Q: 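Dropping a structure here in structure tokens format, bear with me for questions.
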Amino acid sequence: RRQIVVGGGLQAIRTVSIDDGLPEGEAVALLRDLDPNGDLGLRDEEDVVLLQAARYCCFNPRALELVASLLSGRRTLTLEQLLADKRLFDEQVVENLVAENYRRSSAEERHVMQALAVYDRPVPAEAVRHLARVFFPAADIDKALAALVSKFSITHSRGVDLYGLHPLDQRYAYAKIPDVLWWAPWRKYTKRNLHLWAADYYRLYGKPEESWAKRDDLVEQIAVFDHLCRAGEFDRAFCHLETFDVEYLWRWGFYDEVVDLRERLQCRLTDENFIEINNGNLGFAFWVVGRVQESKQCLQNALAMTEKHGD
């Protein structure tokens, strides 16, 4: 089950099941909840029409949200007119609605969705602004965020003031970010650079080292590492990992996490000293978690490099 935020006031949250689609009654109720003021024509629509919409959406709650989103984006569009668009409502209905909702969003809204897709987790508005001010300094990010929330394109958790994307929307928006702009090399808007600026955001807003007392205090530091890896900057990611994995994660007993982080660097580092150190640290971590053969291999590799360098 998951929570869907709809409307406002005390009835703003509905908890729905998403494993096998919604029951008919819950699907119809959700469509009405998505239109608390009646502006989209859903609140006062006949049950038979809402049930038809739910069936077209395979009773998928995200698809139902996207129906409301598309109606919100074009106030002259009726539910029956939308349902008549056969190119949307086929066996790929959810994916089709995700793509159509993205297509109908403004350029600023798409940039916001792409920024959220890069972070791939709920983040505060400042995180989105941090990326936008680099590439689109004139964009009104707060306006775009508000518009996207109002039409159910993104989520907003009021208690913690975080914005996020549904996983399907995340994958679609992320795929729309250029990998390498070979046709316009002077432009810098690529996945790699967005991840580098996301790492910069977490580096700036992470907790200072003197306040690190538990695993949760390292969330931003691990996010820096993740984005550097996703940007292909593995040597920089190694240097950053060196600042907290042994002294904190290892000391606190998070050996499996040390293994996961160190494994991401294997066969990707270019500096031979970094390769040697990573093999050694990963070898010891493998040993602690019981992966003996992998431990021996890493430690042998580290020893061979040490002997090669005459250390």
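Since the model is a prediction, treat every value here as computed from it, not as a measurement.
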Q: Could you go step by step and tell me if Ile177 and Thr190 meet the side chain to side chain contact (heavy atoms under 4.5 Å, CB included) rule?
A: CA-CA 6 Å; Ile177 303 171; Thr190 64; 5.7 Å; no
Q: Any side-chain heavy-atom pair from Arg215 and Ile222 closer than 4.5 angstrom?
A: yes
Q: Quick check: does any side chain N or O of Asp35 sit under 3.5 Å from a backbone N or O of Ala68, one acting as donor and the other as acceptor?
A: no
Q: Check the pair Glu220 / Arg203 against salt bridge (charged side-chain N to carboxylate O under 4.0 Å, His left out), numbers first and verdict last.
A: CA-CA 7 Å; Glu220 292 85 3; Arg203 188 181 292 108; over 6 Å; no
Q: Below 4.0 angstrom, N of the basic side chain to O of the carboxylate: do Asp142 and Arg129 qualify?
A: yes
Q: Should the pair Phe244 and Trp212 be assigned to parallel (<30°), tilted (30 to 60°) or perpendicular (>60°) ring geometry?
A: perpendicular
Q: If only side-chain N and O atoms count, and only distance matters, is there a donor-acceptor pair under 3.5 Å linking Gln114 with Tyr189?
A: yes
Q: Linking I/L/V/M/F/W/Y whenever their side-chain heavy atoms sit closer than 4.5 Å, directly or via other members, would Leu22 and Val48 fall into one cluster?
A: yes
Q: Hey, is the main chain of Glu109 close enough, under 3.5 Å, to the side chain of Ser106 for a donor-acceptor pair?
A: yes
Q: Surrounding OH of Tyr255 (heavy atoms of other residues, nucleotides or ligands, distance under 6.0 Å), is the total greater than 12?
A: yes
Q: Kindly write out the residues that satisfy side-chain contact (heavy atoms from CB on, under 4.5 Å) with Val93, not counting sequence neighbours, or none if the list is empty.
A: Cys58, Phe89, Leu97
Q: Whether Asp85 and Arg87 form a salt bridge (side-chain N of Lys/Arg under 4.0 Å from carboxylate O of Asp/Glu) is what I want to check.
A: yes
Q: Do Gln81 side-chain atoms and Thr78 backbone N/O form a donor-acceptor pair below 3.5 Å?
A: yes
Q: Any non-hydrogen side-chain atom of Leu50 less than 4.5 Å from a side-chain atom of Leu79?
A: yes
Q: Taking ring-ring contact (aromatic ring centres under 6.0 Å, His included) as the criterion, tell me which of Tyr201, Tyr174, Phe225 meets it with His195.
A: Tyr174
Q: Using modelled atom types and a 3.5 Å cut-off, is there a donor and acceptor pairing between side-chain atoms of Arg251 and backbone atoms of Glu247?
A: yes
Q: Nearest 0.5 Å please: distance from the CG atom of Asp169 over to the CG atom of Leu116.
A: 10.5 Å
Q: Does Asn60 reach the main-chain N or O of Arg62 with its side chain, forming a donor-acceptor pair under 3.5 Å?
A: yes
Q: Roughly how far apart are Tyr56 OH and Leu83 CG, rounded to 0.5 Å?
A: 6.5 Å
Q: Please check this pair: side chain of Thr243 against backbone of Cys239, looking for a donor-acceptor N/O pair closer than 3.5 Å.
A: no
Q: Tyr119 ring centre to Arg121 NZ or CZ under 6.0 Å, with the angle to the axis within 45°?
A: no
Q: Between Arg55 and Glu24, is there a side-chain heavy-atom distance shorter than 4.5 Å?
A: yes
Q: What distance do Glu91 atom CD and Asn96 atom CG have between them, rounded to the nearest 0.5 Å?
A: 8.0 Å
Q: Taking the side chain from Lys207 and the backbone from Asp217, do they hold a donor-acceptor pair closer than 3.5 Å?
A: no
Q: Is the Lys NZ or Arg CZ of Arg103 less than 6.0 Å from the centre of Tyr172's six-membered ring, within 45° of the axis?
A: no
Q: Distance-only, no hydrogens or angles: does the Asn278 side chain make a donor-acceptor pair with backbone N or O of Arg262 under 3.5 Å?
A: yes
Q: Tell me the closest heavy-atom pair linking Val224 and Ala199, and the distance in Å.
A: CG2-O, 3.5 Å
Q: Passes side chain to side chain contact (heavy atoms under 4.5 Å, CB included), Phe234 versus Phe274? Steps please.
A: CA-CA 10 Å; Phe234 294 102; Phe274 295 172; over 6 Å; no
Q: Do Pro122 and Thr155 have side-chain heavy atoms sitting under 4.5 Å apart?
A: no
Q: Answer with yes or no whether the side chains of Asp200 and His227 bring together a donor and an acceptor at under 3.5 Å.
A: no
Q: Would you call Glu100 and Arg74 a salt bridge, taking side-chain N to carboxylate O under 4.0 Å as the test?
A: no
Q: In the structure I gave you, are the side-chain heavy atoms of Tyr248 and Leu218 within less than 4.5 Å of one another anywhere?
A: yes
Q: Look only at the side chain of Thr306 and the backbone of Ala302, and say whether a donor-acceptor pair between them is shorter than 3.5 Å.
A: yes
Q: Evaluate the side-chain proximity of Val288 to Phe284: yes if any heavy-atom separation is below 4.5 Å, no if none is.
A: no
Q: Using side chain to side chain contact (heavy atoms under 4.5 Å, CB included), reason through Leu265 and Asp235 one step at a time and then give a plain yes or no.
A: CA-CA 8 Å; Leu265 301 175; Asp235 282 15; over 6 Å; no
Q: Side chains of Gln266 and Asn279 only: does a donor on one sit below 3.5 Å from an acceptor on the other?
A: yes
Q: Do the side chains of Ile275 and Met305 get nearer than 4.5 Å, heavy atoms only?
A: yes
Q: Does the distance from a Lys or Arg side-chain N to an Asp or Glu carboxylate O, for Asp226 and Arg264, drop under 4.0 Å?
A: yes
Q: May I ask whether Val128 and Tyr102 are part of the same hydrophobic cluster, defined by side-chain heavy atoms of I, L, V, M, F, W, Y residues being less than 4.5 angstrom apart, directly or through others?
A: yes
Q: One thing to verify: whether Glu95 and Arg171 come together as a salt bridge, which I'm taking to mean a side-chain N less than 4.0 angstrom from a carboxylate O.
A: no
Q: Show the numbers, then the answer: is there a side chain to side chain contact (heavy atoms under 4.5 Å, CB included) between His130 and Leu204?
A: CA-CA 10 Å; His130 189 79; Leu204 287 173; 3.6 Å; yes
Q: Has the side chain of Ser69 got a donor or acceptor atom that lies under 3.5 Å from a matching backbone atom of Lys151?
A: yes
Q: Show, in sequence, the C-alpha distance, side-chain angles and deciding distance for Arg291 and Glu263, and conclude whether the salt bridge (charged side-chain N to carboxylate O under 4.0 Å, His left out) test is met.
A: CA-CA 13 Å; Arg291 294 166 63 175; Glu263 276 194 298; 3.1 Å; yes
Q: To check you understand the geometry: which heavy-atom pair defines the closest contact between Leu148 and Ser105, and what is its length?
A: CD2-OG, 4.5 Å
Q: What I'd like to find out is whether the side chain of Val123 reaches to under 4.5 Å of the side chain of Tyr202, using heavy atoms alone.
A: yes
Q: For the atom pair OG (Ser72) and CG (Leu66), what is the distance rounded to the nearest 0.5 Å?
A: 12.0 Å
Q: How close do Ala125 and Leu145 get, heavy atom to heavy atom, and via which atoms?
A: CB-CD1, 3.7 Å
Q: For Arg192, is there an ion pair with Glu233 - N to carboxylate O distance below 4.0 angstrom?
A: yes
Q: Taking all non-hydrogen atoms of both residues into account, name the closest pair between Ala54 and Leu64 and its distance.
A: CA-CD2, 3.8 Å
Q: Rounded to the nearest 0.5 Å, what's the gap from NZ on Lys86 to CG on Asp90? Could you check?
A: 11.0 Å
Q: What's the shortest heavy-atom distance between Ser153 and Leu165, and which atoms?
A: O-CD2, 3.8 Å
Q: If you take all heavy atoms of Gly164 and Ile154, which pair is closest and at what distance?
A: O-CB, 3.2 Å
Q: Show the numbers, then the answer: is there a ring pair (Phe, Tyr, Trp, His ring centres under 6.0 Å) between Phe254 and Trp250?
A: CA-CA 6 Å; Phe254 291 94; Trp250 183 279; over 10 Å; no
Q: Does a side-chain N-to-carboxylate-O contact under 4.0 Å join Arg133 and Glu126?
A: yes
Q: Taking atom CG of Leu241 and atom CD of Gln221, what is their separation to the nearest 0.5 Å?
A: 11.0 Å
